[in-house]
Amino acid sequence: MSGIPTTEYLKKCTSSCPGCSATLILRYVLKAAGPDTILVVPACCTSVLQGVYPNTSFDVPVYNVAFASAAAVASGVAAACEYTGKKTNIIAFAGDGGTVDIGIQALSGALERDTNFLYICYDNEAYGNTGMQRSGSTPHGAITTTTPTGKRHFKKDLDRIVSAHNIPYMATSCAAYPKDIYTKVQKALSIKGPKFMHILTPCPPGWRYSSEKSIELGKLAVKTGIWAMYERENGKLKLSSQTIAAIRKPLPIEDYMSPQGRFKGLDPSQLTKTKQEIQFNLRRLEREAREADEDGAEEGA
């Protein structure tokens, strides 16, 4: 891919599932970060896909830590690096269970303390490592092992929670857009202080689709507007071109949902509620981005 280094820091023989897009995300995150990087990984799929001890598929140092403690441990590592004068990139790489639910207290504390690190939540919308139980990030209507008739609640809005901490940089992306991930990670790591990225991570066994469809479904999530991609720098929102296109001319959300077994049995009322939620979120983001543009124009006048 043009402009992306060929050096690999995620080696062959991971223990990931076929079609795992978390592995794809981490591959480009590490390409953007380079060798002077320390990963902090709580209990999640990434703590498994490293390989079987004593071997590892990761070519950077990794702290494997308790489920709730990724951001807290990363804070300690960042403080140690700052004390010794090292410029090492500190990246917490955690799933949605360890971020949206179990790890949210530690994440909030690290952001409030202005920890100089990048926290990445790769979101496969369930507790993937322990059997695909419902998480706070599971979407409305999705079947999991603990919501066999479909989840009755909407997904927790993690990004608005993070943005309330007024950090210098946060962004969303999707595993189907590796250049977008690479560029945003590079940008995040160039900024001092706490940074946050939220990346949609299609999961074949959890979402119940054929493993070769991970990229296709990731792109459909963005093109239908179910997943918005944007950056928020110093509080100002900028939508990606893909999300602007989805706002103007979205694909039907049925195109995204129908290949996934987790949405089988979704009744018409649930589908209507989901469509309303998508439109509400997109309108809010569009309005906020427009206000940011207007503020920028006034400042430049």
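Here the shortest heavy-atom pairing between S47 and N129 reads OG-ND2, 4.2 Å. Contact between E112 and H165 at its shortest, heavy atoms only, is N-CD2, 4.3 Å. The minimum heavy-atom distance linking P42 with F67 is given by the pair CB-O, 3.6 Å. Summarising the geometry of P5 relative to Y182, their closest heavy-atom pair is CD-OH, 3.1 Å, with the distance given to 0.1 Å. For the residue pair Y177 and G218, the shortest heavy atom distance occurs at CE1-O, 4.4 Å. Taking both residues in full, the closest heavy atoms of S214 and Y209 are given as OG-OH, 2.7 Å, listed atom of the first, atom of the second, then distance.
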Task: Stepwise side chain to side chain donor-acceptor pair (under 3.5 Å) test for R262 and T144 - done: CA-CA 7 Å; R262 64 175 178 159; T144 69; over 6 Å; no
Task: Worked check of side chain to side chain donor-acceptor pair (under 3.5 Å) between Q133 and T130 - done: CA-CA 7 Å; Q133 296 88 355; T130 55; 2.7 Å; yes
- [ ] Output, in order, the C-alpha distance, side-chain angles, deciding distance and verdict of side chain to side chain donor-acceptor pair (under 3.5 Å) for N64 and Q50.
- [x] CA-CA 10 Å; N64 288 292; Q50 296 171 38; 2.7 Å; yes
Open item on the list: Would K87 and E82 count as a side chain to side chain contact (heavy atoms under 4.5 Å, CB included) here? Give the steps.
Closed with: CA-CA 7 Å; K87 304 297 183 183; E82 184 175 356; over 6 Å; no
TODO: Before giving the answer on side chain to side chain contact (heavy atoms under 4.5 Å, CB included), spell out for T149 and I143 the whole-Å C-alpha distance, their side-chain angles and the decisive distance to 0.1 Å.
DONE: CA-CA 6 Å; T149 59; I143 294 170; over 6 Å; no
TODO: Kindly determine whether M132 and Y127 satisfy side chain to side chain contact (heavy atoms under 4.5 Å, CB included), including the steps that lead there.
DONE: CA-CA 5 Å; M132 297 311 296; Y127 285 83; over 6 Å; no
Open item on the list: Working note: D255 + K219, criterion salt bridge (Lys or Arg N to Asp or Glu O under 4.0 Å); need CA distance, chi angles, decisive distance, verdict.
Closed with: CA-CA 11 Å; D255 291 357; K219 289 186 175 181; over 6 Å; no
- [ ] Test side chain to side chain contact (heavy atoms under 4.5 Å, CB included) on T272 and S269 and set out the steps.
- [x] CA-CA 5 Å; T272 298; S269 65; 5.6 Å; no
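Hydrophobic cluster membership differs between I102 and Y119, with clusters built from Ile, Leu, Val, Met, Phe, Trp and Tyr side chains linked at under 4.5 angstrom. Both I244 and L251 are members of a single hydrophobic cluster when ILVMFWY side chains are connected at heavy-atom separations under 4.5 Å. Both I199 and L39 belong to a single network of hydrophobic side chains, linked directly or stepwise wherever heavy atoms of I, L, V, M, F, W or Y lie under 4.5 Å apart. V222 and L200 end up in the same hydrophobic cluster when Ile, Leu, Val, Met, Phe, Trp and Tyr side chains are linked at under 4.5 Å. One hydrophobic cluster, built from ILVMFWY side chains closer than 4.5 Å, cannot hold both M229 and Y28; they sit in different ones.
A donor-acceptor pair under 3.5 Å is absent between the side-chain atoms of K195 and the main chain of Y169, judged by distance alone. T183 contributes a side-chain N or O that, together with a main-chain N or O of K179, makes up a donor-acceptor pair within less than 3.5 Å. Using modelled atom types, no side-chain atom of D59 and backbone atom of Y9 make a donor-acceptor pair closer than 3.5 Å. For the pair T145 (side chain) and G131 (backbone), a donor-acceptor distance under 3.5 Å is present. T172 places a side-chain N or O within 3.5 Å of a backbone atom of A228 that can act as its donor or acceptor partner. A distance-only check finds no donor-acceptor pair linking the side chain of W207 to the backbone of P259 [under 3.5 Å]. Remark: the backbone N or O of I104 is not paired with any side-chain donor or acceptor of S108 at under 3.5 angstrom. Between the side chain of T14 and the backbone N or O of S57 there is no donor-acceptor pair closer than 3.5 Å. Of the possible donor and acceptor atoms, none in the side chain of T115 sits under 3.5 Å from a partner among the backbone N and O of F117. A donor-acceptor contact shorter than 3.5 Å links the side chain of T147 to the backbone of A142.
The pair E233-K238 does not meet the salt-bridge criterion, since no charged nitrogen lies less than 4.0 angstrom from a carboxylate oxygen. The pair D36-K86 does not count as a salt bridge, with every side-chain nitrogen at least 4.0 angstrom from each carboxylate oxygen. Of the charged side-chain nitrogens involved, none lies within less than 4.0 Å of a carboxylate oxygen, so that K184 and E231 do not count as a salt-bridged pair. Electrostatic pairing of E216 and K213 counts as a salt bridge here, judged by a charged N lying under 4.0 Å from a carboxylate O. Look at K236 and E291 and you find no salt bridge, because none of the NZ, NE, NH1 or NH2 atoms lies under 4.0 Å from a carboxylate O. K155 and D96 are not joined by a salt bridge, as no carboxylate oxygen comes within less than 4.0 angstrom of a charged side-chain nitrogen.
Atom CD1 in I25 sits 13.0 Å away from atom CZ in R27 (nearest 0.5 Å). Put simply, OG1 on T243 and CG on L285 are 8.0 Å apart, with the number rounded to the nearest 0.5 Å. With values rounded to the nearest 0.5 angstrom, M170 atom CE is found 9.0 Å from L237 atom CG. Rounded to the nearest 0.5 angstrom, L26 CG and L49 CG are separated by 7.0 Å. In this structure, the separation between CG on L239 and CD on E288 is 9.0 Å, given to the nearest 0.5 Å. We find the CD1-CG distance between I253 and L220 to be 12.0 Å, quoted to the nearest 0.5 Å.
In this structure, the ring of F93 has its center less than 6.0 angstrom from the ring center of Y122.
Taking 4.5 Å as the limit, some side-chain heavy atom of V185 sits within range of a side-chain heavy atom of L118. The shortest distance between side-chain heavy atoms of L158 and S137 does not fall below 4.5 Å. Side-chain contact check for Q260 versus R208: every heavy-atom pair is 4.5 Å or farther apart. Using a 4.5 Å cut-off on side-chain heavy atoms (C-beta onward), T224 and P250 make no contact. Two residues are said to be in side-chain contact when any heavy atoms from C-beta on lie closer than 4.5 Å; T274 and M257 meet this criterion. Counting heavy atoms from C-beta on, the side chains of M197 and C121 never come closer than 4.5 Å. Looking only at side-chain heavy atoms (C-beta outward), S135 and V100 stay at 4.5 Å or farther from each other. The shortest distance between side-chain heavy atoms of T37 and I91 falls below 4.5 Å.
Around atom CZ of R248, no more than 12 heavy atoms belonging to other residues, nucleotides or ligands sit under 6.0 Å away. Within 6.0 Å of the OH atom in Y63, the count of heavy atoms belonging to other residues, nucleotides or ligands does not exceed 12. In Q186, the CD atom is crowded: over 12 heavy atoms of neighbouring residues, nucleotides or ligands sit closer than 6.0 Å.
Ring pair H198/W227 is perpendicular by interplanar angle, where above 60° counts as perpendicular and below 30° as parallel.
Listed by chain and number, the residues in a side chain to side chain donor-acceptor pair (under 3.5 Å) with R290 amount to none (sequence neighbours excluded).
Residues in residues 269-280 take part in these salt bridge (charged side-chain N to carboxylate O under 4.0 Å, His left out) pairs, two or more places apart or across chains: E254-K275.
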